[in-house]
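Each remark here refers to the structure printed beneath this line.
Remember, predicted model here, so these are calculated numbers, not experimental data. A note on names: the letters A, B, ... follow the listed sequences, proteins ahead of strands, and every chain is numbered from 1.
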Protein chains: 2
Amino acid sequence: MYTLAEENYLKAIYKLSMVAKNVSTNQIAAELATKASSVTDMLRKLAEKLLINYTRYQGVSLTQTGEKVAVNIIRRHRLWEYFLVEKLNFKWDEVHEMAEEMEHISSTELIDRLDEFMGFPTRDPHGDPIPDSQGNFKQNDLKPISAVDINACGIISGVRDHSSAFLQYLEKKQLTIGKKITVKEIITYDNTVILQMDNKDLQISRDVANNLLIAL
Amino acid sequence: MYTLAEENYLKAIYKLSMVAKNVSTNQIAAELATKASSVTDMLRKLAEKLLINYTRYQGVSLTQTGEKVAVNIIRRHRLWEYFLVEKLNFKWDEVHEMAEEMEHISSTELIDRLDEFMGFPTRDPHGDPIPDSQGNFKQNDLKPISAVDINACGIISGVRDHSSAFLQYLEKKQLTIGKKITVKEIITYDNTVILQMDNKDLQISRDVANNLLIAL
DNA sequence: TTATATTTTTAGACAAGCCTAAAAATTTAA
DNA sequence: TTAAATTTTTAGGCTTGTCTAAAAATATAA
Ligand SMILES: [Mn+2]
Ligand SMILES: [Mn+2]
Ligand SMILES: [Mn+2]
Ligand SMILES: [Mn+2]
């Protein structure tokens, strides 16, 4: 239905739309590691196909159709990530690149059967919600550890940085999805955070605290 | 590593090489539903990359590298077909088109884990052998029913025609992989074949007999 | 063995998706 | 409010993979 490039642009615009409703050419170029001029070319094509709202120099937003397509790509991405971790025993830091390819397999019937085969999971290995076959999903209501009050207690439920390096670091520190933690102290000098987990104290940097999300 | 188009050309050349070692431009064009001029263009590129042996007007054959690549694509295709049938409960006539897309997912680690997950199957849903991770597989030694002697007895083990229409027909007649049959009679006038299966007589046309393979 | 038919290649063009360099529009700063 | 900086678009070009039409090579038939 849509080309690989079109799907990747729609996904990038969707992702950037989470932060600000109107997305700029340069933001898209950065997200896709391409050039602004290439982005402009594609934006004209996507607007032509009624997948985005676009007026020159004004940035873009997804149309309803565009958003539906984007959510469907995300559904496929996250279901394949779940499959790779739960069925093929990959680690959570190994699956993103493979899912980037697999998300473009087009059959709806295939993805619905895969969903059923795995028991209709609702979260991917990184804690992100998996849209159902209708495209419905509840957005996570999570906060970065750096933004919660002292003595707040919660469950590690997601990450902001999906890089292998970050995920491997978390794995090593046992800071994985589902773990219960308490924020003991935030050192004002450099925003280092002291956590309690499994009755032990643990120190994480400001950067890590910014990228690790908990449900209170 | 290789583009979608390159992989499809290599697979087509491999398939056509089964019949005759030197493959013609027109044969490839027909197999890929494209034009002879497009094939010539691609053949120059594949020769440049040392994937095929090509001299103008003389047809092509795969180099060792080219064959290795082709066998690997076939491994991926057949493993995904097996997955779709055995794990996602698709019927054998529904999986080919999906596998045509999935065979291009590049990760070797992924396909090896998938292989392990399914218990290292040796045949795909259509009876074709699945190459192992080293690319080794034993070619089927099968005969079309139309080519065996009267009173020969064997196991249905493969098909020559992979079309949905043919597979659905076989399904309806219960002529599926693993069934034991005996060739009772071949009517000389139109080569209609009378089989015995499950103690019942069954009549199939010359075309069906040509495309249904048995192991004696 | 020469003429004809068929196959294959070449020539030239096009769409998709990308690039660099330059121009135009917008934003920010003086 | 004008000047400078930044962002975005346009212009022109490149690669991949495709096409049609015409030319060249090969195969077949008289
Ligand atoms: Mn991912
Ligand atoms: Mn994920
Ligand atoms: Mn197949
Ligand atoms: Mn098959």
Margin query: Strictly below 4.0 Å: does Lys45(B) bring a side-chain N or O up to OP1 or OP2 of dT16(D)?
Written below: no

Note to self: Is the positively charged end of Lys45(A) above the ring of Tyr9(A), judged by distance under 6.0 angstrom from the centroid and angle within 45° of the axis?
What the structure shows: no

Next item on the list: Please tell me which of the listed nucleotides, dT18(D), dT8(C), dC19(C), lies nearest to the side chain of Thr40(B)?
Entry: dT8(C)

Margin query: Whether the Arg76(A) and Asn72(A) side chains hold a donor-acceptor pair (N or O, under 3.5 Å, no angle test) is what I'd like checked.
Written below: yes

Checklist line | Atom-to-atom span, OH of Tyr2(A) to P of dG17(C) - whole angstrom | finding: 14 Å

Check: Are OP1 or OP2 of dC19(D) and a side-chain N or O of Thr34(B) less than 4.0 angstrom apart?
Finding: yes

Notebook entry, point to check: Atom CZ of Arg56(B) to atom C1' of dT10(C): distance rounded to whole Å?
Noted result: 9 Å

Checklist line | Closest to side chain of Thr3(A), choosing from dT8(C), dC19(D), dG17(C) | finding: dG17(C)

Next item on the list: Among the candidates dC18(C), dC19(D), dA16(C), find the nucleotide nearest to the side-chain atoms of Ser38(B).
Entry: dC19(D)

Item checked: Sugar-phosphate only, base, or nothing, as touched by Ser37(B) at under 4.0 Å among non-hydrogen atoms -> base

Checklist line | Toward the 5' end of DNA chain C, by each residue's nearest nucleotide, Gln58(A) or Arg44(B) | finding: Arg44(B)

Next item on the list: Just call it for Thr25(A): base, sugar-phosphate, or nothing, with non-hydrogen atoms closer than 4.0 Å on any strand.
Entry: sugar-phosphate

Next item on the list: Find the distance Asp41(A):CG to dC14(D):C1' and express it as a whole number of Å.
Entry: 13 Å

Next item on the list: Among the candidates dT9(C), dG17(C), dT7(D), find the nucleotide nearest to the side-chain atoms of Ala5(A).
Entry: dG17(C)

Next item on the list: Rounded off to whole Å, could you give me the CD-to-P distance for the Gln27(A) and dT8(D) pair?
Entry: 8 Å

Note to self: Please report the distance, rounded to the nearest Å, between OH in Tyr57(B) and C1' in dA23(D).
What the structure shows: 8 Å

Margin query: Measure CD/Glu7(B) against P/dG17(D) and give the value in whole Å, please.
Written below: 11 Å

Notebook entry, point to check: Nearest-Å distance, CG (Leu32(B)) to C1' (dG17(D))?
Noted result: 12 Å

Note to self: So, OP1 or OP2 of dC18(C): does either fall under 4.0 Å of a side-chain N or O from Tyr9(A)?
What the structure shows: yes

Notebook entry, point to check: Do the numbers put Lys49(A) on top of the ring of Tyr2(A), so that NZ or CZ is under 6.0 Å from the six-membered ring centre and no more than 45° off the axis?
Noted result: no

Check: dG17(C), dT7(C), dC18(C): which one has an atom nearest the side-chain heavy atoms of Asn26(B)?
Finding: dT7(C)

Checklist line | Gap between atoms CG and P, on Asn8(A) and dG17(C) respectively (whole Å) | finding: 10 Å

Notebook entry, point to check: Closer than 4.0 Å, any side-chain N/O of Lys35(A) to the OP1 or OP2 of dT20(C)?
Noted result: yes

Next item on the list: Check the side chains of Thr192(B) and Asp190(B) for a donor-acceptor pair under 3.5 angstrom, ignoring hydrogens and angles.
Entry: yes

Next item on the list: Answer yes if the side chains of Ser163(A) and Asp161(A) hold a donor-acceptor pair under 3.5 Å, and no otherwise.
Entry: yes

